[in-house]
Amino acid sequence: MTESFHPPSWSPDLESRYAELGERLAPLVPCLEWPLHLPWIDAIQQLKRERGAVIMAHSYQSPEIFHGVADVTGDSLALAQAAATCDAELIVLCGVHFMAETAKILAPDRTVLIPDPEAGCSLASSITADDVRALRRQHPGAPVVSYVNTTAEVKAESDACCTSANAVQVVEAMEAEKVIFLPDRFLGAHVAAQTDVELVLWDGRCEVHEQFTVQQARHARERFDALLVAHPECPPDVQAEADFVGSTSAMGRWLQQRRPDRVALITECSMADNLRSQFPDIEFIKPCNLCPHMKRITLPNIHACLRDLGHEVHVPPDVAWRARSALERMLQVGRQERV
Ligand code: 13P
Ligand code: SF4
């Protein structure tokens, strides 16, 4: 079905049924937008029940998606773990394409849909499987650890995957003197500073985080008296300026422990919005950049994808099989950490 769908309009009844969500979203979405989002949220919730689907949303999704329709939220590690243990037949992954591929690889018997298959990632498109094979030839014997921000084909050429939340542990679990770490150069430099393992790096960059500057960071500190928290995909000089450098999940844990009055999150914009409702006492300053790929996912295209069962993610079985072993090695490290 391709004809456009118009959800029922806003009504006082709808507003009262979603009063609790409305209160949670009030500080996060402009009040003029709420009557536009609410009918879509209701229509998606209805379709989701009919289809028995689970909606998983990355922390960089807009608040109306993150709070309004998602059943599972989190960083890329949390979404991978959730996909691996998911009972639902149908998963709608609200994030970028490599995240949906990861879900499909870890849940091969499930149907995985992505609302916009064009939602890419500058890191994932910075390296190919041929590039990985060439790196292996240049560094014989060195295992390959690839960030989950890679295509299934690149994962299939890797010994293990990692996310920014577990990169150091995964590198050390290789038990090698030298490891090929790809594709993010800045995350690689951050990991290299925390381990004795020699890392061979690739020159991939996140087009969102590489734009942050030291001047912006200093401005946030000096003008707003804010503590600075940066993602390890930021340039090294920005990381050096920060009070804490950590993954999406580590940022939340750091805020929980430190409870600063004011913080500037040097990362994707929606991260601050989505944490704000968890920490209402903290003032979030936003020297933020939007990820244009994450922002391709919208309430209307989530609805269309559930309605039409469109944009199913497929991974060729031989690629999926090898990529799965690299992902499982990562999840194994995660499991050991919690024991
Ligand atoms: P996380 O692994 O922290 O979820 O980050 C994914 C990402 O795309 C960061 O830009
Ligand atoms: Fe990729 Fe950067 Fe967007 Fe994350 S924020 S999905 S690394 S482009």
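Counting convention: from 1, in listed order, for ligands and their atoms alike. Hydrogens, waters and symmetry mates play no part in the numbers below; they use all other heavy atoms, side chains included. Please read these numbers as outputs of a predicted model, since none were measured by experiment.
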| task | With heavy atoms under 4.0 Å as the rule, classify the contact between E268 and ligand 2 as side chain, backbone, both or neither. | result |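 Neither; nothing of E268 gets under 4.0 Å from ligand 2.
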| query | Do you see an N/O/S atom of H293, backbone or side chain, under 2.8 Å from atom 2 (Fe) of ligand 2? | reply |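 Here the distance criterion (N, O or S atom, under 2.8 Å) is not met by H293, so no.
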Residues [X], [Y]: salt bridge by 4.0 Å N-O rule:
X: D203; Y: R205; value: yes
X: R296; Y: E118; value: no
X: D42; Y: R17; value: yes
X: D159; Y: R136; value: yes
X: E222; Y: R218; value: no
X: R322; Y: E153; value: no

Could you list the atoms of ligand 1 found under 4.0 angstrom from a heavy atom of [X]?
X: D75; value: 4 (O)
X: E233; value: 7 (C), 9 (C), 10 (O)
X: H209; value: 10 (O)
X: N149; value: 7 (C), 8 (O)

Using a 4.0 Å cutoff against the non-hydrogen atoms of [X], which atoms of ligand 2 qualify?
X: N149; value: 7 (S)
X: S122; value: 8 (S)
X: L123; value: 7 (S)
X: C121; value: 1 (Fe), 6 (S), 7 (S)

| said: Please list the nearest protein heavy atom to atom 3 (Fe) of ligand 2 with its residue and the distance rounded to 0.1 Å. | reply: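 The closest heavy atom on the protein side is C291 SG, 2.4 Å.
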| request: Give the residue and atom name of whichever protein heavy atom lies nearest to atom 2 (Fe) of ligand 2, and the separation in Å to one decimal. | output: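 Answer, as residue, atom name and distance: C206 SG, 2.3 Å.
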| message | To the nearest 0.5 Å, what is the distance between CG on N149 and OG1 on T163? | response |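 N149 CG to T163 OG1: 9.0 Å, rounded to 0.5 Å.
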| Parallel, tilted or perpendicular: ring planes of H219 versus F224, cut at 30 and 60 degrees |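 Because their plane-to-plane angle is over 60°, the rings of H219 and F224 count as perpendicular.
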Looking only at N/O atoms, are [X] and ligand 1 under 3.5 Å apart anywhere?
X: H58; result: yes
X: S76; result: yes
X: T248; result: yes

| task | Could you check if a side-chain atom of E233 sits within less than 4.5 angstrom of a side-chain atom of F186, using non-hydrogen atoms only? | result |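 Not in contact.
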| task | Taking the side chain as every heavy atom from C-beta outward, state whether M56 and C86 have any atom pair closer than 4.5 Å. | result |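 A side-chain contact under 4.5 Å exists here.
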| At under 4.0 Å between heavy atoms, which part of H231 makes contact with ligand 1: side chain, backbone, both or neither? |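 Answer for H231: side chain.
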